[in-house]
Amino acid sequence: GKALKEIIFIRHAKVDVNPNEKIHSKDLEQWVKAYDVAKLDVHSKPNDEVYSVVNNADVLLTSMLPRTIESASKFEKKIDEKNDLFNELPLPKIHIPYFEFKATTWLIILRLVLFFARSKKEHVDKALIPLLKHSKEHDSLVLIGHGGLNYYMHKALLKEGWSLEGKASISNWGMTRLVKGTSNNR
């Protein structure tokens, strides 16, 4: 095979929800549940580069959440594995009374809380197991996943000797490409 292995994280298409609606922290769990089952925004389409990367990958992985599976259905390449270990990191439960923020603002606050959460590391480590197993067997792997988990998995892989090619992106359809040289001169 190629002397380079690559793992490409892609965030799912934009979801058709109103991110500007103001909600209380107690309603956030409901909002996330609604987000989990919401349809994709019909105008959110991958660009040509993303098309080409996904269709040329050796293996295509998604989470079990509809937004990644539906995003993956936009390509000729069929999904090789759906795994709930690739589902988005669960948000920490916090209750902040009296405040109303846009859902997107809450998500930023909670992601900051999550940044310090121990449970996150376990979740990330577990998700890396099937990812790296596929990477051993294939040269190029694409995971259509979620902003939070993709971000933390790519950070963990950088510590394991993977290198970032270009810029990391956690926007919808954003790609983060990691490469690692393999020594096949035995």
Side-chain angles (χ1 to χ4, degrees), residues 7-47 50 54 60-75 79-131 141-157 167-176 178:
I7 293 179
I8 296 159
F9 295 102
I10 296 177
R11 187 173 171 215
H12 59 81
K14 197 162 176 283
V15 174
D16 194 6
V17 289
N18 174 9
N20 299 318
E21 181 190 351
K22 291 207 164 162
I23 52 177
H24 287 98
S25 64
K26 65 178 182 354
D27 306 320
L28 196 62
E29 212 173 320
Q30 265 323 105
W31 189 90
V32 170
K33 280 193 180 118
Y35 186 82
D36 279 347
V37 296
K39 292 273 168 252
L40 298 182
D41 179 334
V42 290
H43 304 295
S44 179
K45 293 190 170 58
N47 65 24
V50 173
V54 174
L60 176 58
L61 310 173
T62 68
S63 76
M64 295 291 275
L65 293 170
R67 60 186 179 271
T68 65
I69 296 167
E70 279 178 47
S71 297
S73 72
K74 300 192 181 294
F75 303 94
I79 299 171
D80 293 289
E81 186 188 318
K82 302 171 194 157
N83 193 320
D84 60 7
L85 290 175
F86 301 139
N87 285 8
E88 183 58 297
L89 293 165
L91 288 169
K93 294 202 184 347
I94 58 167
H95 181 53
I96 306 174
Y98 315 120
F99 284 99
E100 272 194 332
F101 294 117
K102 293 175 181 179
T104 41
T105 310
W106 278 118
L107 294 178
I108 292 165
I109 294 168
L110 289 172
R111 289 248 148 59
L112 287 172
V113 174
L114 190 64
F115 185 76
F116 301 103
R118 286 208 56 80
S119 60
K120 174 201 77 202
K121 185 175 173 346
E122 287 162 35
H123 196 110
V124 171
D125 289 345
K126 275 195 189 126
L128 286 171
I129 295 166
L131 190 80
L141 174 159
V142 167
L143 169 62
I144 297 181
H146 304 273
L149 184 61
N150 279 4
Y151 174 80
Y152 288 114
M153 283 204 288
H154 114 249
K155 286 297 194 197
L157 289 173
K167 291 230 288 266
S169 168
I170 55 164
S171 54
N172 297 107
W173 292 123
M175 281 198 294
T176 299
L178 300 182

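Please read all numbers here as calculations on a predicted model, not as lab measurements. Just so you know, these numbers use all the heavy atoms, side chains as well, and skip hydrogens, waters and symmetry mates.
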- Query: Between the side chain of D80 and the main-chain N/O of L60, is any donor-acceptor distance below 3.5 Å?
  - Reply: yes
- Task: Examine distances only and state if a side-chain atom of R11 and a backbone atom of G174 form a donor-acceptor pair shorter than 3.5 Å.
- Result: no
- Can you see which heavy atom on S63 is nearest to which on K82, and at what distance? O-CB, 3.9 Å
- For the pair V124 and K155, evaluate side-chain contact (heavy atoms from CB on, under 4.5 Å) and give the outcome as yes or no after the intermediate values. CA-CA 10 Å; V124 171; K155 286 297 194 197; over 6 Å; no
- Message: Looking at every non-hydrogen atom in both residues, tell me the closest pair between T176 and A168 and how far apart they are.
- Response: OG1-CA, 3.5 Å
- Message: For the backbone of A103 and the side chain of E21, can you confirm whether one donor and one acceptor N or O come within less than 3.5 Å of each other?
- Response: no
- Message: Taking atom CD as the centre, does E29 end up with more than 12 heavy-atom neighbours from other residues, nucleotides or ligands that are less than 6.0 angstrom away?
- Response: no
- Check: L131 and L141 side chains under 4.5 Å, non-hydrogen atoms: yes
- Item | By ring-ring contact (aromatic ring centres under 6.0 Å, His included) - contacts of H154 (at least two apart) | Y151
- Item | Atom pair OG1/CD1 of T105 and I23 - distance to nearest 0.5 Å | 9.5 Å
- Heavy-atom closest contact (V17 atom, A38 atom, distance): CG1-CB, 3.7 Å
- Message: If we ignore hydrogens and angles and just use 3.5 Å, is the side chain of N150 paired with the main-chain N or O of I10 as donor and acceptor?
- Response: yes
- Task: Quick one: pull up CG in L157 and OH in Y152 and give me the separation to the nearest 0.5 Å.
- Result: 15.0 Å
- Interatomic distance, NE2@H146 vs OG1@T68, rounded to 0.5 Å, equals 4.5 Å
- Message: Taking the six-membered ring for Trp, are W173 and F75 closer than 6.0 Å centroid to centroid?
- Response: yes
